[in-house]
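Worksheet: one structure, shown below.
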Amino acid sequence: MKSTYDPSAVESRWYTAWEDAGAFRPETNPDGAPYSIVIPPPNVTGVLHMGHALDLTIQDVLIRRKRMQGYRALWLPGTDHAGIATQNVVERELAKEGMSRHDLGREKFVEQVWTWKAKSGNRITEQMRTMGFSTDWTRERFTFDEGLSKAVRKVFVQLYDEGLIYRGNRIINWCPRCHTALSEIEVEHEDEAGELTHIKYPFVEGDGHITVATTRPETMLGDTAVAVHPDDERYRDAVGRLIRLPLLDREIPVVADEGVELEFGTGAVKVTPAHDPLDFEIGQRHGLDEIQVIDTEARITEHGGRFAGQDRFEAREAVRHELKKRGFLERIDDHHHSVGHCSRCGTVVEPMLSLQWFVKVKPLTIPAIEAVKDGRTRFVPKRWENNYFHWMENLRDWCISRQLWWGHGIPAWYCDDCDEVIVAEDDPTSCPSCASGDLTRDEDVLDTWFSSQLWPFSTMGWPEETDDLATYYPTTVLVTGFDIIYFWVARMMMMGLHFTGDVPFADVSIHGLIRTPDGRKMSKSSGNALDPLDLVERYGADPLRLSLIQAAAPGHDVPYDEAWTDAARRFGNKVWNALRFAVEHMEIRDVPASGGYPADPGPEDAWILGRLAEVTVEFDRLFDDYRFSDAYGLLYNFAWAEVFDWYLELAKTPLRDEKRAAATRATLGAVLRDLLKLLHPAIPFLTEDLWSELGDGSLLITTSWPEPPAVAGPGSMSTLQDLIIGLRRFRSEHQISPKTPIETTVSDPDGLSEPWWADHLSSLAGCNVVYGEAPDAGAMSRVIAGSVQAFIPLEGLVDIDAERTRIEKAIADSEGELARSHAKLTNPNFRDRAPAEVVAGEEAKADAAQQRLAKLGAQLEELG
RNA sequence: GGGCGUUUAGCUCAGUUGGGAGAGCGCUGCCCUUACAAGGCAGAGGUCGGCGGUUCGAGCCCGUCAACGCCCACCA
């Protein structure tokens, strides 16, 4: 073995070996209980970012452990066709050649997208391999592949037949740049500084006017009413009168509607039914005209009179200018309000009346809410359930049609003759109503999330009743960031319950977002995004994985700092060298794949085996609660501080003693082996590589998860450790060179010590030890560990003043400790109400401090 | 306008049944000790945001205030 760990060398070796062995397939454990995860499918044209790296590492860690525990563990991979995102990418490519999709035509363009997908679609899956993710590639799916498309179509048709999908004229969010409708959640609202323009709307008859306030003066061109609240005294007499709309001179009524806020603005609102959701509702209630004054390019339509053809923002200024000129402008106030932007391209969206397809979600939300309320699906951490409920309860109908070319076509046909609408799984050939008319297929495609929401069961073969569906659905856990609870998790719940009668997953493990070290959002656009593949190159995939898993406290954002990955790399080096140590001191091939704990362990062995047992149990407990960062933090510290720093050093002595070496070799081998197993889910490449040094040529990935060894008990090890630490500190404080042996007499009235201590005190603290009472040889320093004292002659070794300072400090510490204990113990309430073991513990503490003080006092006296 | 989160060592963060404050990085001193200098040993550093309450006992539970952040909302 080389003396240093080289991640890139290690990581190039194992992925194909695992895959060739079929280790990623659940069939590797044919008799195990099912355990399943479906990957949140990344965009097919995307590249792996830090968020994926975190999300997928968590899933891989879960799957690898379950696989080792013997479960039939399925991790199903795949990608999302990502309608609007992918189309945008390809359109940008075309734009470089000075072309638009319309130059190609729909068919050619879609072909082009498929070509692009074939070219770049494997990129992210290749990157997943680099990261070591053990997904079952034989089951890889794509939201646009044949089976999933069939599922989409069946779902659409059934929902339509059930009246849960309908087509209607509604206000939708339109992106003038992407040229498509968007759903509510594809719109990002941002608070912006704007202006509230107050406009005088004069009555047709008589004097006077009503002042309305608007942030979008250009929409006045489409006004068909002014609305006031029915209880508003100010406008009591105005209701029913007619207004002459400025600039256009259209006569519009004043209506009373409860949707108007009394307090806001002037209490009177201009009503533009074709360009505002609230106005649309008011318009419906009062039978108002809906005049579209802004078109799909965000330009003023011919209904806008002299403003026709102007861009909406240009028109805003022009309208305002004209109003002012004609004396209708009252005033303009500064006003902060939120403005909707397209989440894909950032363009300000235009609310607009449009004929689109919608899902009627209310009936679907009820069982989805119920399933979380009664615990069939559980969020971790639980507080995310509140967000889920809140969103579900306030959900409005979901606009699912998109005016794009890349996506699942809507299975609807319109008869040219009789206006019949046909929605069917199989393409119809003739109109069932009139049988004569030609059929024209709806040109729109479905929102990408319409197919993603079926993912947990469509990937398993639904609507066919496949073995996979029966075995792995519902899935065990969904791992995802809180940012797509609304987009995806909630919808999967609705669809899973509606179409399979069962929840799509039992647990939802929520993690946070990766942030920069200073807590900002990592994003490509702000140029602060780290590339996980670059980090893999510089530190290794295993170190990146370990650092992410350690940093990810459940449900919290992760400010990522490369220093963590660097630390994880050094940890890998430490593990590497620990195994190298074992290789040099024993026949490593003799280590069995499990068991092999010595029947007659030495005291050092018994101690570390006891600790291993405790850590194994605790690790499993934390892990099962999805507390990965705690679990791996525990393991990291156990491995480094206890196994490497203590046990390996302690083992050196018995390894030199042929009588004791056998038990220590067995322990060393077993402990390192179990450590490799426990670490494997987080750092699979390194542990697999080291595993190949020992054992029988089997793969670690499919070996068994460790059972905690039967506890042998800690013995006197902790007292010895305290003594060694005390002696090292003594040496450090008195600046005694490590090369200078310290002659010391160990006094042990309670018989805690053992003969074998002497070797360790020699090798680990540089002390030559004799056992006995304090020697009568002048002033002595003392190092105290419980009732054990190590006496060290002052003469020639220690500066008396320094020693006095050291003792005085120790006395001060002990006195403080004693005072705190004393205060508790003299409180009668404490004795009465605290549990007996807490009181006993406090008494023991006070006792120990007292004893220690007595010894320290005696020594101070000796110093004179 | 609602809801949620955060506030703990110089920095970034852990700390889930309330019972003696932790990690990584950084810092100080010593050491190339035959697994590892990508290392070892020893150490410094915290009124756990403020105030109040519950409790024998609070970083942890309750109330309140403050700062920062996020999400949701038909703020014309």
Side-chain angles (χ1 to χ4, degrees), chain A residues 1 3-5 171 185 189 191 196 212-216 219 227 259-261 263-272 276-281 335-338 351 381 383-384 386-387 390-391 394 396 482-483 485-486 512-513 517-519 521 547 550-551 553 555-564 566-585 625 627 629-630 633 636-637 644-645 648-649 652 725 728-733 735-739 763-766 817 820-821 824 827-835 837-839 841-842 845:
Chain A
M1 286 175 79
S3 68
T4 51
Y5 156 55
I171 296 281
I185 51 180
H189 292 273
D191 273 348
L196 199 55
V212 296
T214 179
T215 52
R216 308 192 51 201
T219 63
V260 178
E261 285 288 331
E263 290 77 21
F264 190 90
T266 61
V269 54
K270 56 189 272 314
V271 181
T272 322
D276 181 279
L278 174 65
D279 292 4
F280 176 73
E281 285 174 26
H335 181 67
H336 281 264
H337 63 132
S338 82
R383 63 186 157 82
W384 289 107
N386 292 330
N387 291 51
H390 183 260
W391 191 71
N394 294 289
R396 276 171 297 157
F482 57 72
D483 52 329
I485 291 178
Y486 302 149
L513 272 33
D518 56 355
K521 217 171 191 167
S547 56
Q550 277 195 96
H556 283 117
D557 284 349
V558 182
Y560 174 81
D561 194 316
E562 279 183 49
W564 289 343
D566 194 45
R569 179 177 122 276
R570 295 202 305 273
F571 177 75
N573 188 57
K574 199 72 182 168
V575 174
W576 176 275
N577 275 288
L579 202 92
R580 209 158 69 91
F581 171 82
V583 166
E584 288 177 12
H585 286 87
D625 285 343
R627 293 169 58 187
S629 64
D630 291 336
Y636 183 100
N637 287 307
F644 304 151
D645 285 346
L648 261 48
E649 295 305 324
K652 286 174 182 174
I725 290 168
R728 284 169 174 170
R729 181 167 185 172
F730 176 85
R731 186 187 283 280
S732 178
E733 282 175 342
Q735 297 187 325
I736 300 166
S737 158
K739 293 200 166 67
S763 68
L764 302 183
E817 203 173 306
R820 276 196 301 277
S821 288
K824 280 191 183 177
N827 180 345
N829 284 325
F830 176 71
R831 286 192 174 280
D832 289 349
R833 305 198 189 190
E837 69 262 24
V838 174
V839 176
E842 203 59 45
K845 202 160 73 179

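- B/rC61 and B/rG19: their P atoms are spaced 12 Å apart (whole Å).
- Across every strand in view, B/rC61 sits in a pair with B/rG53 that passes the Watson-Crick or G-U test at under 3.5 angstrom.
- A distance of about 12 Å separates the P atoms of B/rA58 and B/rG53, rounded to the whole Å.
- Contact annotation for A/Phe482: no contact, since no heavy-atom pair falls under 4.0 Å across all strands.
- Picking from B/rA76, B/rC25, B/rA42 the nucleotide with the shortest atom distance to the side chain of A/Ser732 gives B/rA42.
- Nucleotides B/rG63 and B/rA21 place their P atoms 26 Å apart, quoted to the nearest Å.
- When both distances must be under 3.5 Å, the Watson-Crick or G-U wobble mate of B/rG1 is B/rC72.
- A/Thr215 comes within contact range of the sugar-phosphate backbone alone, with a heavy-atom separation under 4.0 Å but no base atom that close.
- Nearest to the side-chain atoms of A/Asp630 among the listed nucleotides B/rG24, B/rA14, B/rA42 stands B/rA14.
- In this structure, A/Arg729 places its CZ atom 19 Å from P of B/rU28, rounding to the nearest Å.
- Nucleotide B/rU28 is matched to B/rA42 when pairs are restricted to Watson-Crick or G-U wobble geometry with both distances under 3.5 angstrom.
- Using a 4.0 Å heavy-atom cutoff across all strands shown, A/His556 reaches sugar-phosphate atoms only and no base atom.
- Separating the CG atom of A/Asp191 from the P atom of B/rC71 is a distance of 11 Å, rounded to the nearest angstrom.
- Here the nucleotide nearest the side chain of A/Arg728, chosen from B/rA35, B/rC74, B/rA42, is B/rA42.
- Counting any heavy atom pair closer than 4.0 Å across all strands shown, A/Glu649 reaches a base atom.
- Within 6.0 Å of the CD atom in A/Glu584, the count of heavy atoms belonging to other residues, nucleotides or ligands exceeds 12.
- Within 4.0 Å (heavy atoms only), A/Pro835 reaches at least one base atom of the nucleic acid.
- For the pair A/Asp557 (side chain) and A/Gly512 (backbone), a donor-acceptor distance under 3.5 Å is absent.
- Between A/Phe571 and A/Phe644, the ring-plane angle classifies as tilted under the 30° and 60° cut-offs.
- Among the heavy atoms of the strands lying under 4.0 Å from A/Tyr486 are primed sugar atoms or P, OP1, OP2 only; no base atom is included.
- As judged by a 4.0 angstrom heavy-atom cut-off over every strand, A/Leu579 is placed among residues making no nucleic acid contact.
- Contact of the A/Leu764 side chain with the A/Lys652 side chain is not registered, since no non-hydrogen atoms from C-beta on lie closer than 4.5 Å.
- Between A/Phe581 and A/His585, the ring-plane angle classifies as tilted under the 30° and 60° cut-offs.
- When the nucleotides B/rC72, B/rA38, B/rA35 are ranked by their closest atom to the side chain of A/Glu584, B/rA35 comes out on top.
- For the C1' atoms, the distance linking B/rG15 with B/rA73 amounts to 36 Å, nearest Å.
- Look at the C1' atom in both B/rG20 and B/rG24: the space between them is 24 Å, to the nearest Å.
- Judged purely by distance below 3.5 Å, without hydrogens or angles, the side chains of A/Arg570 and A/Asn573 never pair a donor atom with an acceptor atom.
- Here the side chain of A/His337 is nearest to one of B/rC75, B/rA38, B/rG19, namely B/rC75.
- Both A/Leu648 and A/Asn394 lie close to RNA chain B; mapped to their nearest nucleotides by heavy-atom distance, the more 5′-ward contact belongs to A/Leu648.
- Of the two residues contacting RNA chain B, namely A/Ala551 and A/Arg820, the nearest-nucleotide position lying further toward the 5' end is that of A/Ala551.
- Following rounding to the nearest Å, A/Met1 (CE) and B/rA38 (P) show an atom-to-atom distance of 17 Å.
- Contacts of A/Asn573 with the nucleic acid, taken as non-hydrogen atoms under 4.0 Å apart, include base atoms.
- In this structure, NZ in A/Lys824 is found 4.5 Å from CD in A/Glu842, a value given to the nearest 0.5 Å.
- Counting any heavy atom pair closer than 4.0 Å across all strands shown, A/Asp276 reaches no nucleic acid atom.
- Taking only side-chain atoms of A/Asp645, from C-beta outward, the nucleotide of B/rA76, B/rU12, B/rG40 with the closest atom is B/rG40.
- Across all strands shown, A/Val271 has no heavy atoms under 4.0 Å from either base or sugar-phosphate atoms.
- Of the candidates B/rC75, B/rA42, B/rU12, B/rC75 carries the atom nearest the A/Ser338 side chain, counting heavy atoms from C-beta on.
- A gap of 11 Å separates the C1' atoms of B/rA66 and B/rC51, to the nearest Å.
- Nucleotide B/rA67 forms a pair with B/rU6, judged by Watson-Crick or G-U wobble geometry with both contacts under 3.5 Å.
- Nucleic acid contact for A/Ala834: base, since at least one base atom lies under 4.0 Å from a heavy atom of the residue.
- Using a 4.0 Å cut-off, some side-chain N or O of A/Arg570 falls inside it from OP1 or OP2 of B/rG39.
- Checked against B/rC30, B/rC72, B/rG39, the side chain of A/Pro738 finds its nearest nucleotide in B/rC30.
- The side chain of A/Trp564 approaches B/rG24 more closely than any other nucleotide in the set B/rC72, B/rA35, B/rG24.
- Dashed line: the shortest gap from a side-chain N or O of A/Arg383 to OP1 or OP2 of B/rC4 is not under 4.0 Å.
- Atom CD1 in A/Ile171 sits about 14 Å away from atom C1' in B/rA76, given to the nearest Å.
- Rounded to whole Å, the separation between the P atoms of B/rG59 and B/rG49 comes to 10 Å.
- The nearest pair of heavy atoms linking A/His189 to A/Ser338 is ND1-OG, 3.8 Å.
- In this structure, CZ of A/Arg580 is placed 8 Å from P of B/rA35, rounded to the nearest angstrom.
- Rounded to whole Å, the C1' atom of B/rG46 lies 14 Å from the corresponding atom of B/rC11.
- Rounded to whole Å, the distance from CG on A/Asn827 to C1' on B/rG19 is 14 Å.
- Residue A/Lys824 is out of contact with every strand shown, counting any heavy-atom pair closer than 4.0 Å.
- Residue A/Asp483 is out of contact with every strand shown, counting any heavy-atom pair closer than 4.0 Å.
- Listed for the A/Arg627 side chain is no donor-acceptor partner under 3.5 Å among the backbone atoms of A/Ala553.
- At the phosphate of B/rC41, neither OP1 nor OP2 sits under 4.0 Å from any side-chain N or O atom of A/Lys739.
- Side-chain nitrogen and oxygen atoms of A/Lys845 include none within less than 4.0 Å of the OP1 or OP2 phosphate oxygen of B/rG19.
- Not a single donor-acceptor pair under 3.5 Å links the side chain of A/Asp566 to the backbone N or O of A/Glu562.
- Among the heavy atoms of the strands lying under 4.0 Å from A/Glu817 is at least one base atom, whether or not backbone atoms are also near.
- Checking B/rG22 for Watson-Crick or G-U wobble geometry (two distances, each under 3.5 Å) identifies B/rC13 as its partner.
- Comparing B/rC72, B/rC25, B/rA38 against the side chain of A/Thr4 picks out B/rA38 as the nearest.
- We find that CH2 of A/Trp391 is positioned 14 Å from C1' of B/rA73, with the value rounded to whole Å.
- The CZ-P distance, from A/Phe581 to B/rU34, rounds to 12 Å in whole Å.
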